[in-house]
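Inspection log for the structure reproduced underneath, given as structure tokens.
In the text below, chain A, chain B and the rest are named by the order of the sequence lines, each starting its count at 1. Note that the structure is a prediction, hence the values are computed from the model and not measured.
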Amino acid sequence: MYAPCEVDASARAATLKLCISSDGLGYALDIRDRRVLSTPSAAELIMCAAGEIDRATVEASSLSTLMLHASAVELTVGTVVLTGSSGGGKSTVAAGLTRAGCRYVGDEVIGLGDGGDEVVANPKPLKLDGRARKALQCPFDECRDVSGERLVGGSAFGICALPGARSRPVMIVQLQFREGAPVSVTALSRGDVVEVLADQCFNFARLGPRGLDTVVHAARGCAGVRLEFGDLEQACSSILALTA
Amino acid sequence: MTVARYQLRDALYAVELDGELFVWGREREELHRLNASAARMWLGLTTWTTAETLFATLEHDGDAECDRATVVRWLEQLVALGLVDRTAGPAA
């Protein structure tokens with residue numbers, strides 16, 4: 001399932017000390033000797049551990065990398081960053097665009113490095129709920145159930161970037177899924193893009209001024225749109241048209 | 001008679017973008033977005049300044065969005081956000 005995330009021996013190593021224990025009633029997860037989760041749910045434990053691995057993957061590429069709660073795909077012109085709140089359709093649209101011929105760059109958490117000039121790939125398996133799977137209309141033989149959602153390797157949809165690969169961001173798309181809604185595209189000002197990116201950063205506060213410089217630089221170099229949609233194919237077509 | 005004076009606090013980091021200003025407050029670890037009028041006001045707060053002086057500067061620059069009451073209200077908001085210090089002293 002994590003095959004797209006494999007790296008060769010020359011790649012920079014990421015070390016994450018992760019300890020899972022059980023007392024018979026539940027599970028505990030320690031990251032670098034610090035307890036981060038106690039839960040009776042094995043599924044929750046797995047999701048938490050997977051999330052920490054995601055973060056470590058991107059963090060290992062650079063300590064100055066901003067970690068964005070976003071998905072991303074790469075086109076000929078550059079990389080489109082798909083952001084928005086949970087349930088907004090980031091993973092689904094990333095899968096749809098990959099199936100349409102884009103290169104899958106990452107899901108859940110991607111890096112924004114080198115002062116905002118580079119997206120750092122984290123092509124982890126996509127987390128797709130029932131609605132997403134229905135929209136994508138794929139059999140997903142390689143799926144694994146986790147809390148009713150499924151993790152699907154990006155290679156099920158098309159070509160994947162290598163973990164840690166760098167690409168140039170050209171557009172920030174703030175996605176909002178709304179059942180039955182027609183596609184609606186609204187331009188974001190560069191200030192709006194800064195707000196969107198800062199709001200979706202996991203480590204913005206830790207980086208402080210450097211984080212602000214990074215998102216402002218990214219906003220200066222990228223177009224920004226808010227895209228509301230109710231149909232996956234229309235959303236993908238709109239993004240492809242915007243970047244043509 | 002005493003007059004309130006205002007000045008930017010230390011530990012702030014600001015970046016201009018299209019006339020707006022994004023300000024990172026290190027103490028509270030908060031990001032603030034100031035519109036163009038507030039950004040111009042911000043530039044006048046590098047030294048202790050009265051609301052009247054700020055208003056005169058903005059009026060001179062032709063900022064139609066600002067009246068005296070608005071300037072005072074914005075200054076008090078910036079004080080409440082921990083971005084600006086306020087002191088009271090005798091009028092000049």
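- When heavy atoms are compared at a cutoff of 4.5 Å, A:A198 approaches chain B solely by way of its side chain, counted from C-beta outward.
- By the neighbour-count criterion of 12 heavy atoms within 6.0 Å, atom CZ of B:R26 is densely surrounded, having more than that number from other residues, nucleotides or ligands.
- When the candidates A:G191, A:G208, A:G211 are compared by the number of heavy-atom contacts under 4.5 Å with chain B, A:G191 comes out ahead.
- Nearest heavy atoms, B:R33 versus A:S189: NH2-OG, 3.4 Å.
- To the nearest 0.5 Å, atom CH2 of residue B:W24 and atom CG of residue A:L207 are 9.5 Å apart.
- A:D192 CG to B:E20 CD: the interatomic distance, rounded to the nearest 0.5 Å, is 7.5 Å.
- Counting heavy-atom neighbours within 6.0 Å of B:F55 CZ, excluding the residue itself, gives a total above 12.
- Within the 4.5 angstrom heavy-atom criterion, atoms from both the backbone and the side chain of B:L17 approach chain A.
- We find the CZ-CZ distance between B:F22 and A:R190 to be 11.0 Å, quoted to the nearest 0.5 Å.
- The existence of a salt bridge linking B:D18 and A:R220 is excluded, since no basic side-chain nitrogen approaches an acidic carboxylate oxygen closer than 4.0 Å.
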